[in-house]
Amino acid sequence: MKQIAVILCFFCFLSYGQEREKLVTVKKVLKLMGTRFELTVVAQNEEIGYINIQEAVSEITRIEKMISSWDAHSETSLINKNAGIKPVKVSMELFRLIERAKKISEITDGAFDISYASMDKIWRFDGKMDKLPTETAITSSIAKIGYKKILLDKERQTVFLEEEGMRIGFGAIGKGFAADRTKELLISKGVKAGLINASGDLTTWGTKATGEKWMIGIANPLSKNKVFSWLPVVESSVATSGNYEKYIMFKGEKYSHIIDPRTGYPTKGINSVSIFAKDAELCDALATAVFILGRDSGIHLINQIPGVEVVVVDGANKIHKSSGILFDNNQ
């Protein structure tokens with residue numbers, strides 16, 4: 001559901017850096033987890049760099065097999081198949097991911113909820129909708145959603161969805177989770193620096209081969225070539241949600257493809273949200289949550305969470321930011 005609303009210009013050229021450092025930058029773009037991944041590493045030579053990237057690809061593929069709801073044999077699919085029937089024992093890695101997801105649901109009052117996958121698909125953003133869904137259809141579509149109905153047993157390491165027909169999905173947290181795990185793996189392999197960009201869910205470590213910081217530009221969602229401000233991403237992550245590519249218009253009103261799982265209605269009033277934090281997983285989840293909560297409530301929430309910042313571009317294309325973001329937005 002995520003769209004890129006930042007200009008991912010990292011000045012990440014396929015260069016050989018400064019002679020004194022003897023480092024090279026190796027980059028590969030490929031499709032993983034059904035989306036576009038950019039994998040960039042700083043290495044001693046190209047051969048080592050490409051080995052590192054292949055290790056990253058293997059890790060992302062491993063994670064996809066665990067969290068994919070499209071893979072009939074994944075742990076996630078087994079949880080969904082047994083909804084309302086019995087608890088399913090899962091790996092501790094997946095158990096902890098679901099545990100963290102529930103905590104984010106709690107602090108966002110359900111604006112983020114992995115059980116959103118239970119929602120009936122009554123909204124369509126392919127241009128074929130000729131009328132709005134009825135209130136009854138909308139209410140019915142969210143009947144099985146509810147993070148409190150995801151029951152975790154830590155002792156038995158099981159997950160149980162209380163109601164038959166419930167489903168969980170990791171579309172709003174999975175790419176960030178994969179980026180974090182891949183970063184951890186590469187650091188453990190001795191990779192000095194790199195950047196992982198999972199279609200706008202981005203994490204970095206170290207610096208470019210030149211010694212410069214990785215940089216991103218906060219872009220105007222309606223004019224992507226215009227940059228409001230450049231921000232460094234140092235040993236941290238950023239994720240963005242946007243509504244500027246997938247939406248529908250009815251009677252002059254814009255309806256985003258990002259649906260509030262608590263109400264069943266599309267969000268309004270925000271064009272994009274960019275979250276900055278140490279972990280890409282947290283950025284990924286909170287970007288969706290702030291989009292749903294709205295500008296004021298979303299920024300208020302972020303201001304209460306240490307180490308997390310947000311930039312919101314509202315429906316009038318004006319920038320708003322949390323207290324720790326320092327740049328002039330009157331551009």
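A quick note: this is a predicted structure, and the numbers were derived from the prediction, not measured. We use all heavy atoms of the structure for the numbers below, so side chains are in, but hydrogens, waters and symmetry mates are not. Heads up: numbering here begins at 1 and tracks the sequence.
Other residues, nucleotides and ligands contribute more than 12 heavy atoms inside 6.0 Å of the NZ atom of Lys81. Surrounding NZ of Lys28 are at most 12 heavy atoms belonging to other residues, nucleotides or ligands under 6.0 Å away. With a 6.0 Å radius and a threshold of 12 heavy atoms from other residues, nucleotides or ligands, Lys121 has its NZ atom above the threshold.
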Please step through side-chain contact (heavy atoms from CB on, under 4.5 Å) for the pair Lys254 and Lys268, ending with a clear verdict. CA-CA 7 Å; Lys254 185 176 184 178; Lys268 293 182 181 181; over 6 Å; no
Trace of the side-chain contact (heavy atoms from CB on, under 4.5 Å) decision for Val42 with Val24: CA-CA 6 Å; Val42 175; Val24 302; over 6 Å; no
Do Ser91 and Glu75 pass the side chain to side chain donor-acceptor pair (under 3.5 Å) test, and can you show the C-alpha distance, the side-chain angles, and the key distance before you say yes or no? CA-CA 8 Å; Ser91 63; Glu75 291 183 72; 3.0 Å; yes
Could you walk me through whether Met33 and Ile60 pass the side-chain contact (heavy atoms from CB on, under 4.5 Å) check? CA-CA 8 Å; Met33 297 178 69; Ile60 295 165; 3.8 Å; yes
Please report the C-alpha distance between Asp279 and Ser237 in whole Å, then the side-chain angles of each, then the deciding distance to 0.1 Å, and finally whether the side chain to side chain donor-acceptor pair (under 3.5 Å) criterion is met. CA-CA 6 Å; Asp279 298 322; Ser237 307; 5.9 Å; no
Show the numbers, then the answer: is there a side-chain contact (heavy atoms from CB on, under 4.5 Å) between Leu202 and Leu195? CA-CA 7 Å; Leu202 177 148; Leu195 182 148; 4.1 Å; yes
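Between Lys278 and Glu235 there is no salt bridge, since no side-chain N of the basic residue sits under 4.0 Å from a carboxylate O of the acidic one. Here Lys103 does not pair with Glu106 in a salt bridge; the nearest charged N to carboxylate O distance is not below 4.0 Å. Ion pairing between a basic and an acidic side chain is recognised when a charged N comes within 4.0 Å of a carboxylate O; Lys27 and Glu38 show such pairing.
The CG atom of Leu185 sits 12.5 Å away from atom CG of Asp180, with the distance rounded to the nearest 0.5 Å. With rounding to the nearest 0.5 angstrom, the CG atom of Asn52 is 11.5 Å from the NZ atom of Lys192. Put simply, CH2 on Trp214 and CH2 on Trp205 are 8.0 Å apart, with the number rounded to the nearest 0.5 Å. Note that NZ of Lys175 and SG of Cys283 are 12.5 Å apart. Values are rounded to the nearest 0.5 Å. Taken from OG1 in Thr25 to CD in Glu46, the straight-line distance is 10.0 Å, to the nearest 0.5 Å. Rounded to the nearest 0.5 angstrom, Ile107 CD1 and Ile305 CD1 are separated by 4.0 Å.
Closest non-hydrogen pair, Phe170 versus Ile67, comes out as CD1-O, 3.6 Å. Taking each heavy atom of Ala239 and Asp201 in turn, the nearest pair found is CB-OD1, 3.1 Å. Minimum heavy-atom separation, Ala280 to Thr203: CB-CB, 4.2 Å. Phe125 and Tyr255 make their closest contact through CE2-O, 3.5 Å (heavy atoms, listed as atom of the first residue, atom of the second, distance). Looking at every heavy atom in both residues, Asp284 comes nearest to Gly176 through OD2-N, 3.0 Å. The two residues Ser74 and Met66 have their closest heavy-atom pair at CB-O, 3.8 Å.
Under a 3.5 Å cut-off, the side chain of Asp314 and the backbone N or O of Asn317 do form a donor-acceptor pair. Formation of a donor-acceptor pair under 3.5 Å by the Thr267 side chain with backbone atoms of Ile258 is found in this model. Side-chain atoms of Thr61 come within 3.5 Å of backbone N or O of Val57 as a donor-acceptor pair. Counting only distance, with no hydrogens or angles, the side chain of Asn197 and the backbone of Phe37 share no donor-acceptor pair below 3.5 Å. Looking only at distances, a side-chain donor or acceptor of Thr204 sits under 3.5 Å from a matching main-chain atom of Val233. In this structure, the side chain of Ser274 does not engage the main chain of Thr240 through any donor-acceptor pair within 3.5 Å. A donor-acceptor contact shorter than 3.5 Å links the side chain of Asp113 to the backbone of Ser115. Here the side chain of Glu309 pairs no donor or acceptor atom with the backbone of Ile275 at under 3.5 angstrom. At least one donor-acceptor pair under 3.5 Å links the side chain of Thr139 to the backbone N or O of Glu135. With hydrogens and angles disregarded, a donor-acceptor distance shorter than 3.5 Å links the side chain of Ser141 to the backbone of Ile138.
Ile79 and Met92 fall within the same hydrophobic cluster, where Ile, Leu, Val, Met, Phe, Trp and Tyr residues are linked whenever their side-chain heavy atoms come under 4.5 Å apart, directly or through other members. Note on Ile187: it clusters hydrophobically with Ile196, by side-chain heavy-atom contacts below 4.5 Å among ILVMFWY residues.
With a 4.5 Å cut-off on side-chain heavy atoms, Tyr147 and Phe112 do not count as touching. For the pair Ile216 and Phe276, the minimum side-chain heavy-atom distance is below 4.5 Å. Inter-residue side-chain proximity for Thr207 and Glu212 is flagged as unmet; no heavy-atom pair is nearer than 4.5 Å. Put simply, the side chain of Lys321 does not reach to within 4.5 Å of the side chain of Ile299, judged on heavy atoms.
With no hydrogens or angles considered, no side-chain donor-acceptor pair links Ser69 and Thr76 at under 3.5 Å.
Residue pairs meeting the salt bridge (charged side-chain N to carboxylate O under 4.0 Å, His left out) criterion with at least one partner in residues 57-69, sequence neighbours excluded, are Glu59-Arg62, Arg62-Glu93.
Listed by chain and number, the residues in a side-chain contact (heavy atoms from CB on, under 4.5 Å) with Arg262 are Asp109, Ala111, Asp260, Ile292, Leu293 (sequence neighbours excluded).
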Under 3.5 Å, sequence neighbours excluded: what are the donor-acceptor pairs made by side chains of residues 156-167?
unit_1: Arg156; atom_1: NH1; unit_2: Asp153; atom_2: OD2; d: 3.0
unit_1: Gln157; atom_1: NE2; unit_2: Val90; atom_2: O; d: 2.7
unit_1: Glu163; atom_1: OE2; unit_2: Lys149; atom_2: NZ; d: 2.9

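Of the options Asn271, Ile270, Asn243, Ile248, a side-chain contact (heavy atoms from CB on, under 4.5 Å) to Ser256 is made by Asn243 and by none of the others.
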